[in-house]
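Everything below concerns the one structure shown next.
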Protein chains: 2
Amino acid sequence: MPRAGLDPAAVVAAGAALADEVGFAHLTMGLLAQRLGVRTPSLYKHVGGQDDLNRRIAALAMSEAADAVGGAVQGYAGRDALAAAARAFRAFVLEHPGRYAATIGVEPADRDDPMAVAARRLLGAFTAVLRGYEIAEPDVDHALRMLRSLCHGFATLQAADGFQWSADIDESFEWLITFADRGLRAVRTGDVSSAAPSP
Amino acid sequence: MPRAGLDPAAVVAAGAALADEVGFAHLTMGLLAQRLGVRTPSLYKHVGGQDDLNRRIAALAMSEAADAVGGAVQGYAGRDALAAAARAFRAFVLEHPGRYAATIGVEPADRDDPMAVAARRLLGAFTAVLRGYEIAEPDVDHALRMLRSLCHGFATLQAADGFQWSADIDESFEWLITFADRGLRAVRTGDVSSAAPSP
DNA sequence: CAGGTTCGGCTAACGCCATTAGCTTTTAGC
DNA sequence: GCTAAAAGCTAATGGCGTTAGCCGAACCTG
């Protein structure tokens with residue numbers, strides 16, 4: 001019986017691909033083993049178990065998302081950068097719904113957790129987008145969270161088929177980009193302050 | 001051996017409460033039976049199984065969220081209505097993370113599915129908020145999706161402990177409400193159109 | 001090229017969970 | 001009070017994650 005030649009990276013990559021195919025909730029150790037042409041217990045030579053596998057898939061997804069968004073932003077600024085980042089992020093989530101789902105609800109163990117490192121890298125890509133809007137320091141964190149909520153919310157709702165009604169979804173997303181762009185420019189001009197809401 | 005006096009509603013309510021306590025992913029038929037002082041197979045007299053239980057919890061959560069948002073909006077308009085709706089929605093998700101998690105990834109069977117009915121009711125509450133902004137018809141659907149993405153994204157990211165860095169989260173949320181309010185008012189005045197983004 | 005060690009696969013077995021079948025007892029209706 | 005439906009139970013099945021322990025392949029050393 002020849003060896004399969006597996007290693008942790010190959011197992012995690014196959015697990016991520018399988019999650020994209022069958023949905024993260026249906027990703028099972030047995031199914032993954034079958035896909036790899038191996039018996040289930042053999043996987044434990046490469047990953048610690050299902051929980052460990054999930055965390056590694058989440059880290060991989062975060063890292064890939066950071067690459068996608070970071071790469072898409074290169075050479076753009078302002079509205080173009082925002083649009084590129086948002087489109088790249090949504091495209092990634094829609095192309096890889098399974099591995100992205102793995103990132104939800106996983107809290108990194110410590111700052112050196114690969115998941116945490118990748119998450120900071122993704123955050124950095126969005127921070128670069130904000131730089132073009134010249135937003136005052138106290139507002140940057142808020143704007144970052146707003147941007148992340150918007151992208152995460154839209155992408156996950158669409159991935160979960162949460163938009164059931166009529167209007168075209170791509171059009172809605174472009175509308176959303178324009179909305180965010182206008183809003184962020186208003187932040188620079190001082191229409192939205194970090195202080196308490198206007199009375 | 002006296003009867004426990006259960007019925008479907010009681011089982012679903014206990015399941016939702018348990019999901020809030022231990023997390024939706026850890027909600028198990030055995031654990032729920034134990035909580036109700038009953039053996040596991042007895043639950044099958046009231047719900048069809050785990051999948052049916054999950055769907056009923058999701059429907060309950062949607063219905064409660066619709067009540068919370070709809071009630072909070074009563075008597076307000078414009079920015080006040082938006083703030084009330086957003087705060088009510090976030091408060092609901094943070095107080096009931098388990099049952100809200102049940103709603104993600106559940107697609108209703110048909111239009112009469114209780115889940116679909118409740119979802120339409122929740123959507124209606126947000127539509128009522130938009131009414132105060134006098135947004136043109138072609139933009140209403142986009143604005144609705146934007147609002148839903150924003151609220152869903154922020155609440156789920158916070159519930160999953162996705163915001164790890166320093167700035168105060170409540171402050172970020174108020175900032176986000178102000179941001180959305182300004183943006184929606186700009187939609188009315190025509191700064192954002194439903195047409196393609198400006199060059 | 002020989003021999004030992006490490007490493008990656010395997011089978012067997014355990015426990016947990018969801019689910020079904022079939023029995024018993026309570027409860028409600030006539 | 002009798003009957004029938006409803007609500008609980010025990011027992012059993014199958015699937016999954018996981019662990020223990022075995023055995024052969026690959027690699028490194030001399």
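First the proteins, then the strands, lettered A, B, ... as listed; each starts at 1.
Protein atom OH of B:Y44 is 12 Å distant from nucleotide atom P of C:dC17, rounded to whole Å. A:L43 has its CG atom 16 Å from the C1' atom of C:dC7, to the nearest Å. As rounded to whole Å, 11 Å separates atom C1' of C:dT24 from atom NZ of B:K45. For A:D7 and C:dG8, the CG to P distance is 9 Å, given to the nearest whole Å. The CD atom of A:Q50 sits 11 Å away from the C1' atom of D:dT18 (whole-angstrom rounding).
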- Reading nucleotides 11-16 of chain C 5' to 3', which nucleotides get B (base under 4.0 Å from a protein heavy atom), which S (sugar-phosphate only), which -? BB----

- Please step through salt bridge (Lys or Arg N to Asp or Glu O under 4.0 Å) for the pair A:D52 and A:R56, ending with a clear verdict. CA-CA 6 Å; A:D52 180 52; A:R56 286 173 190 248; 2.9 Å; yes

- Task: Could you walk me through whether B:D20 and B:Y100 pass side chain to side chain donor-acceptor pair (under 3.5 Å), step by step?
- Result: CA-CA 9 Å; B:D20 290 338; B:Y100 185 74; over 6 Å; no

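There is a side-chain donor-acceptor pair under 3.5 Å between B:H142 and A:E171. For the 3.5 Å distance criterion, the side chains of B:R39 and B:Q34 fail to qualify, holding no donor opposite an acceptor.
When all heavy atoms are compared, the tightest approach of A:G183 to B:F179 is C-CE1, 3.3 Å. Closest non-hydrogen pair, B:V69 versus B:A85, comes out as CG1-CB, 3.9 Å.
Residues from residues 14-37 of chain A lying near DNA chain D, meaning a heavy-atom separation below 4.0 Å, are A:T28, A:M29, A:G30 in numerical order.
B:Y44 and B:L18 fall within the same hydrophobic cluster, defined by Ile, Leu, Val, Met, Phe, Trp and Tyr side-chain heavy atoms under 4.5 Å apart, directly or through other members.
Atom CD of residue B:E21 and atom NE2 of residue B:H96 lie 12.0 Å apart, to the nearest 0.5 angstrom.
The phosphate of C:dC7 has neither OP1 nor OP2 within less than 4.0 Å of any side-chain N or O from A:H46.
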